[in-house]
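Report on one structure; see the data block that follows.
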Amino acid sequence: MERHEAQLKLSELVGQDLRQLAGQYGITVWKDKKLNKGWAGQVIERHLGLPLNSSRAPNLGSWELKLVSLKRSPNGELKVKETMAITMIDPVEVCNKSFEESHLFRKLSKALIVARVYEGPDEQKSIVYKVTDFQLSDQSVYEQVKADYELVRQTIITQGFSALTGKMGVLIQPRTKGPGHGSTSRAFYARTNFVKKIVGL
DNA sequence: CTATGATCATCC
DNA sequence: GGATGATCATAG
């Protein structure tokens, strides 16, 4: 499936309730009393007619699907609820590749971002807010993302992989993320400010 | 058991 | 309330 075609199909979902669609597609949102964290993505994959095992952001052809949740602030305004995981950090790759060659840049360039409204931990309903075909077209944003990448790169080279913390970066941050229980792997995350720019809030 | 995306828990 | 660090579900 081409990226553009996927985007057209995704835009059909705007304004719809993913919770209802989940029931329609037979996707389990709650297993016992625990949330299936991948449910929203699965609903979307089903809508596109994709196999359900492509959740690991492989190359679904020539593009990549990302989900972000939004929340309402007290005055009813929509804001970005969480940072967005972009891709794992491979210290070797980061050291050896420039920003333009990096996995981070490639992923950002090919991403289709689906923003959904998070109504609460119970996920009783979740409306699709908008679908964004993200391009790193804004020059100032591009430069800042590149600067953040370079900061991570220099830190790994001069202080080592373990010196990275989530405090670094302006738009992109390196953050711990593993299977839990002591893993030390890290990933690039888009800060909420960045996600805000991406989605166009 | 490990990798990955997405979300939760805790700190300030 | 927002940011940082850690965990959960699922697939291989």
What is the bend of the helix from B:dC1-C:dG12 to B:dC12-C:dG1 when you compare the axis at one end with the axis at the other, using five pairs each and rounding to 10°? 30°
When the distance from [atom1] of [X] to [atom2] of [N] is rounded to whole Å, what number comes out?
X	N	atom1	atom2	value
A:Glu45	C:dT10	CD	P	13 Å
A:Met88	C:dA11	CE	P	19 Å
A:Arg186	B:dT2	CZ	P	18 Å
A:Tyr118	B:dT7	OH	C1'	8 Å
A:Met84	B:dT7	CE	P	12 Å
A:Leu70	C:dG1	CG	C1'	17 Å
A:Lys196	C:dG2	NZ	P	10 Å

[X] side-chain N/O to [N] phosphate OP1/OP2 under 4.0 Å:
X	N	value
A:Lys71	C:dG2	yes
A:Arg116	B:dT7	yes
A:Lys81	B:dC8	yes

Output one line per pair: protein atom, nucleotide atom from nucleotides 3-6 of chain C, and distance, for all N/O pairs under 3.5 Å.
from  : atom 1 : to       : atom 2 : distance (Å)
C:dA3 : OP2    : A:Thr192 : OG1    : 3.3
C:dT4 : OP1    : A:Gly166 : O      : 3.4
C:dT4 : OP1    : A:Arg191 : NH2    : 3.4
C:dT4 : OP2    : A:Gly166 : O      : 3.3
C:dT4 : OP2    : A:Gln173 : OE1    : 3.3
C:dT4 : OP2    : A:Arg191 : NH1    : 2.5
C:dT4 : OP2    : A:Arg191 : NH2    : 3.2
C:dG5 : OP2    : A:Gly166 : N      : 2.6
C:dG5 : N7     : A:Arg175 : NE     : 2.7
C:dG5 : N7     : A:Arg175 : NH2    : 3.4
C:dG5 : O6     : A:Arg175 : NH2    : 2.4
C:dA6 : N7     : A:Thr176 : O      : 3.4
C:dA6 : N6     : A:Tyr189 : OH     : 3.4

Can you sort out the partners of A:Asn193 under side chain to side chain donor-acceptor pair (under 3.5 Å), two or more places apart, ordered by chain and number? none
Taking side chain to side chain donor-acceptor pair (under 3.5 Å) as the definition, give me every residue that meets it alongside A:Ser140, ordered by chain and number, with sequence neighbours left out. A:Asp138
Results of side chain to side chain contact (heavy atoms under 4.5 Å, CB included) for [X] - residues two or more places apart only:
X	result
A:Asp90	A:Val92, A:Glu93
A:Val14	A:Val128, A:Val131
A:Gln135	A:Arg3, A:Asp133, A:Ser137

Counting only heavy atoms not in A:Glu100, do more than 12 sit closer than 6.0 Å to its CD atom? yes
Under the ring pair (Phe, Tyr, Trp, His ring centres under 6.0 Å) rule, collect the residues that match up with A:Phe188, sequence neighbours excluded. none
Excluding sequence neighbours, so at least two apart, what forms ring pair (Phe, Tyr, Trp, His ring centres under 6.0 Å) with A:Tyr189? none
On the six-membered ring of A:Phe161, is A:Arg186 placed so that its NZ or CZ lies under 6.0 angstrom from the centre and within 45° of the ring axis? yes
